**Q** 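Starting off with a structure, shown below.
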Amino acid sequence: MKKIIINRDYYLKKLIDRQSNGLIKIVTGIRRCGKSYLLNEIFVKYLLENGVRKDHIISVALDNVEDDELLNPKILSKFIKDKIIDNEIYYVILDEIQLVDKFEFLLNGLLRIQNIDIYVTGSNSKFLSSDIITEFRGRGDEIRIYPLSFSEYYSVKKNDTDINSIWKDYYTYGGLPLIALQKSEEIKMDYLKTQSQNIYLNDIVERNNIRDKNNLNSLVNIISSAIGSLTNPKKLADTFNSKLNLNISNKTISTYLDYLENAFLIEKSTRFDIKGKKYIDTPMKYYFTDIGIRNSLLNFRQDEETHIMENIIYIELRRRGFSVDVGVIDIREKNGKRKQIEIDFIANKGNNKFYIQSALTVATEDKKNQEQRPLLKVNDFFKKIIIVKDSIKRKRDDNGIITMDIFDFLLDMDSLDY
């Protein structure tokens with residue numbers, strides 16, 4: 001059977017750009033998103049093809065039972081140092097580094113050796129905490145990776161069926177790499193349910209010593225049901241009280257949300273007052289790193305394409321390196337009353353900024369006007385874009401607003417730039 005190769009060129013370039021920069025390259029991301037594959041398959045293949053000798057690549061899978069003695073930091077350090085026999089660069093790749101006791105000290109010690117370049121990954125919530133970089137005292141360089149983008153997923157599936165069927169598959173089951181390789185819907189659903197409960201949530205419970213797992217599960221279900229909706233800890237606590245008859249404090253809710261973010265299960269988007277040029281702390285919106293995990297948490301009962309498409313666009317923007325806020329514009333209605341209207345996303349990267357609306361369709365004049373209205377209230381020169389599911393040719397109207405379809409956006413990394 002021919003092995004299916006999933007190219008992840010975007011992340012490979014990130015690794016290449018960071019070669020021999022004197023820092024520990026820390027590959028982070030939600031579990032099962034392809035961190036080990038990126039390092040041990042894609043990156044190693046690149047090194048070999050570009051003249052690095054095989055004996056100058058020291059790769060250790062620390063979850064291999066045959067190498068369990070290497071979990072001792074002193075033995076692992078000696079193992080690595082014994083392989084360094086000349087002054088050429090050695091590439092040290094350590095998979096599941098969190099299994100090594102006091103791995104931070106081990107890595108900082110290895111950094112003192114001038115001719116090694118270190119790459120690590122890990123897959124439990126201890127390692128994947130968002131503050132992991134501080135463990136390396138400023139000597140870490142994080143490379144955040146996400147599950148397969150639609151473009152990566154499409155590259156695997158495009159010879160099997162049409163793009164709309166691939167889109168349906170993607171927004172139902174998400175982009176975990178193993179999902180892309182499965183044929184049966186039943187296998188995909190079972191895999192996602194197992195990952196969601198037994199891997200992601202249990203990992204969060206164990207790491208943070210959560211005594212009542214049911215409260216965490218309930219919170220995740222509430223957020224899953226309302227992706228892209230404005231919320232805050234107080235509103236969520238009120239939902240617990242009114243719908244679940246459970247008394248849980250705002251502080252506990254806030255703590256649980258932090259746990260979910262630190263494990264990269266969800267991401268938070270804060271509102272930004274465009275005219276006032278200031279952030280609004282609350283309420284905010286939450287999106288799932290992988291939409292398949294979100295759907296599995298709801299037992300695949302809520303497959304509303306509108307909100308799912310918004311989630312996918314948000315994660316794609318984050319994958320491309322943008323910081324993403326929710327835009328807020330204060331306007332005065334004809335009756336004199338003030339009202340806040342929203343732009344789904346303000347995407348910022350360096351000097352680039354894009355105002356983006358997500359809409360399943362703008363087929364009617366009313367819907368088109370609804371999506372354009374907040375964009376027309378922004379008085380600056382940055383691009384204003386509406387991304388739709390309608391199959392349309394990219395166009396710019398007399399107001400300078402660009403409309404493009406979702407596939408044009410997702411399949412072209414540079415789709416926002418022209």
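Heavy atoms only: backbone and side chains are in, while hydrogens, waters and symmetry mates are out. From a predicted model like this one, the values you see are computed outputs, not experimental measurements.
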**Q** With a 4.5 Å limit on heavy-atom distance, are the side chains of I80 and I113 in contact?
**A**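 Of all side-chain heavy-atom pairs linking I113 with I80, none is under 4.5 Å.
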
**Q** Taking side-chain contact (heavy atoms from CB on, under 4.5 Å) as the criterion, tell me which of T231, T270, V326, N232 meets it with P283.
**A**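 The option that passes is N232.
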
**Q** Check E310, R318, K268 against Y287 for a side-chain hydrogen bond (donor to acceptor under 3.5 Å, both in side chains) and give me the one that passes.
**A**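 Testing each of E310, R318, K268 against Y287, the sole residue satisfying side-chain hydrogen bond (donor to acceptor under 3.5 Å, both in side chains) is E310.
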
**Q** Can you tell me how far CG of L236 sits from OG1 of T252, rounded to the nearest 0.5 angstrom?
**A**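 Reported to 0.5 Å precision, the distance equals 12.5 Å.
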
**Q** Is the closest side-chain heavy-atom distance between F240 and I222 below 4.5 Å?
**A**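 The answer is yes; the side chains approach within 4.5 Å.
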
**Q** If you measure from the Lys or Arg side-chain nitrogens to the Asp or Glu carboxylate oxygens, is any gap between E185 and K188 under 4.0 Å?
**A**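 Here E185 does not pair with K188 in a salt bridge, since their nearest N and O are not under 4.0 Å apart.
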
**Q** May I ask you to check whether over 12 heavy atoms, not counting those of K213, lie within 6.0 Å of atom NZ?
**A**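 Counting neighbours around NZ of K213, more than 12 heavy atoms of other residues, nucleotides or ligands fall under 6.0 Å, so yes.
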
**Q** Less than 4.5 Å apart, side chain to side chain, heavy atoms only: is that true for I343 and I329?
**A**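 In short, these two side chains touch, coming nearer than 4.5 Å.
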
**Q** Thinking salt bridges, do D330 and K275 make one under a 4.0 Å N-O criterion?
**A**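 Salt bridge absent between D330 and K275.
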
**Q** Could you tell me which residues satisfy side-chain contact (heavy atoms from CB on, under 4.5 Å) with N299, sequence neighbours excluded, listed by chain and number?
**A**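 N299: side-chain contact (heavy atoms from CB on, under 4.5 Å) contacts with K193, R301.
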
**Q** Can you sort out the partners of H307 under ring pair (Phe, Tyr, Trp, His ring centres under 6.0 Å), two or more places apart, ordered by chain and number?
**A**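 Expected list: none.
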
**Q** Please examine the side chains of P147 and T289, heavy atoms only from C-beta on, and report whether any two atoms are closer than 4.5 Å.
**A**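 Yes; the side chains approach each other to less than 4.5 Å.
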
**Q** Quick one: ring pair (Phe, Tyr, Trp, His ring centres under 6.0 Å) partners of F272, sequence neighbours excluded?
**A**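 For F272 the ring pair (Phe, Tyr, Trp, His ring centres under 6.0 Å) partners, ignoring immediate neighbours, are Y279.
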
**Q** Run the numbers on Q98 and E96 for side-chain hydrogen bond (donor to acceptor under 3.5 Å, both in side chains), then give the verdict.
**A** CA-CA 5 Å; Q98 83 287 337; E96 306 288 4; 3.1 Å; yes

**Q** With sequence neighbours left out, write down each residue that passes side chain to side chain donor-acceptor pair (under 3.5 Å) with Y154, or none if nothing qualifies.
**A**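 For Y154, no residue satisfies side chain to side chain donor-acceptor pair (under 3.5 Å) once neighbours in sequence are set aside.
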
**Q** Is there a side-chain contact between L317 and F409 (heavy atoms, below 4.5 Å)?
**A**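 The answer is yes, as the side chains (C-beta and beyond) meet within the 4.5 Å cut-off.
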
**Q** Is D417 atom CG crowded by more than 12 heavy atoms from other residues, nucleotides or ligands, each under 6.0 Å away?
**A**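 More than 12 within 6.0 Å, yes.
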
**Q** Taking it one step at a time, do D95 and S59 satisfy side-chain contact (heavy atoms from CB on, under 4.5 Å)?
**A** CA-CA 8 Å; D95 201 16; S59 181; over 6 Å; no

**Q** Any salt bridge (Lys or Arg N to Asp or Glu O under 4.0 Å) involving residues 366-375? Give me the pairs, sequence neighbours left out, ordered by first then second residue.
**A**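 Residue pairs with at least one partner in residues 366-375: E333-R373, K367-E371.
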
**Q** Would you say D160 has more than 12 foreign heavy atoms packed within less than 6.0 Å of its CG?
**A**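 Yes, enclosed.
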
**Q** Could you work out, with ring pair (Phe, Tyr, Trp, His ring centres under 6.0 Å) as the rule, every residue matching Y119, not counting sequence neighbours?
**A**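 By the ring pair (Phe, Tyr, Trp, His ring centres under 6.0 Å) rule, Y119 matches F43.
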
**Q** With side-chain contact (heavy atoms from CB on, under 4.5 Å) as the test, would you mind laying out the steps for L192 and N295 before giving the verdict?
**A** CA-CA 9 Å; L192 285 168; N295 293 338; over 6 Å; no

**Q** Look at D117 together with K25 and state whether they make a salt bridge at an N to O cut-off of under 4.0 Å.
**A**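 Judged by the 4.0 Å cut-off on N to carboxylate O distance, D117 and K25 do form a salt bridge.
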
**Q** Should we count NZ of K377 as having more than 12 external heavy atoms under 6.0 Å?
**A**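 No, NZ of K377 has 12 or fewer neighbouring heavy atoms, counting only those of other groups under 6.0 Å.
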
**Q** I want to check something: taking the side chain as every heavy atom from C-beta on, are Y146 and Y11 in contact at a cut-off of under 4.5 Å?
**A**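 Yes, at least one pair of side-chain atoms sits under 4.5 Å.
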
**Q** I'd like to check I89 versus Q19 (side-chain heavy atoms, cut-off strictly below 4.5 Å). Are they in contact?
**A**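 Not in contact.
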
**Q** Output every pair passing salt bridge (Lys or Arg N to Asp or Glu O under 4.0 Å) with a member in residues 286-299, not counting sequence neighbours, ordered by first then second residue.
**A**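 For residues 286-299, and leaving out neighbouring residues, the salt bridge (Lys or Arg N to Asp or Glu O under 4.0 Å) pairs sorted by first residue read R294-E304.
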
**Q** Taking only residues two or more places apart in sequence, or in another chain, which ones meet D238 in a side-chain contact (heavy atoms from CB on, under 4.5 Å)?
**A**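 Expected list: K234.
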
**Q** Between side-chain atoms of residues 344-355 and protein atoms elsewhere (two or more places apart, or another chain), which donor-acceptor pairs fall under 3.5 Å?
**A**
from: D344; atom 1: OD2; to: S358; atom 2: N; distance (Å): 2.7
from: K349; atom 1: NZ; to: R320; atom 2: O; distance (Å): 2.7
from: Y355; atom 1: OH; to: D380; atom 2: OD2; distance (Å): 2.5

**Q** Within the distance-only criterion (no hydrogens, no angle test), does the side chain of Y10 pair as donor or acceptor with the backbone N or O of R319 below 3.5 angstrom?
**A**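 Yes.
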
**Q** What pairs with D9 under side-chain contact (heavy atoms from CB on, under 4.5 Å), at least two apart in sequence or on another chain?
**A**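 If we apply the side-chain contact (heavy atoms from CB on, under 4.5 Å) test to D9, skipping adjacent residues, the hits are N7.
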
**Q** Kindly state each residue pair satisfying ring-ring contact (aromatic ring centres under 6.0 Å, His included) with at least one member in residues 170-204, sequence neighbours excluded.
**A**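 Output for this query lists F150-Y170, Y153-Y170, W167-Y171, Y173-F300.
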
**Q** So, do I312 and I406 sit near enough that their side-chain heavy atoms are less than 4.5 Å apart?
**A**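 Side chain of I312 against side chain of I406, heavy atoms only: no contact under 4.5 Å found.
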
**Q** Name all residues meeting the salt bridge (Lys or Arg N to Asp or Glu O under 4.0 Å) criterion together with E49; count only those two or more places apart in sequence or in a different chain, and write none if there are none.
**A**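 For E49 the salt bridge (Lys or Arg N to Asp or Glu O under 4.0 Å) partners, ignoring immediate neighbours, are K45.
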
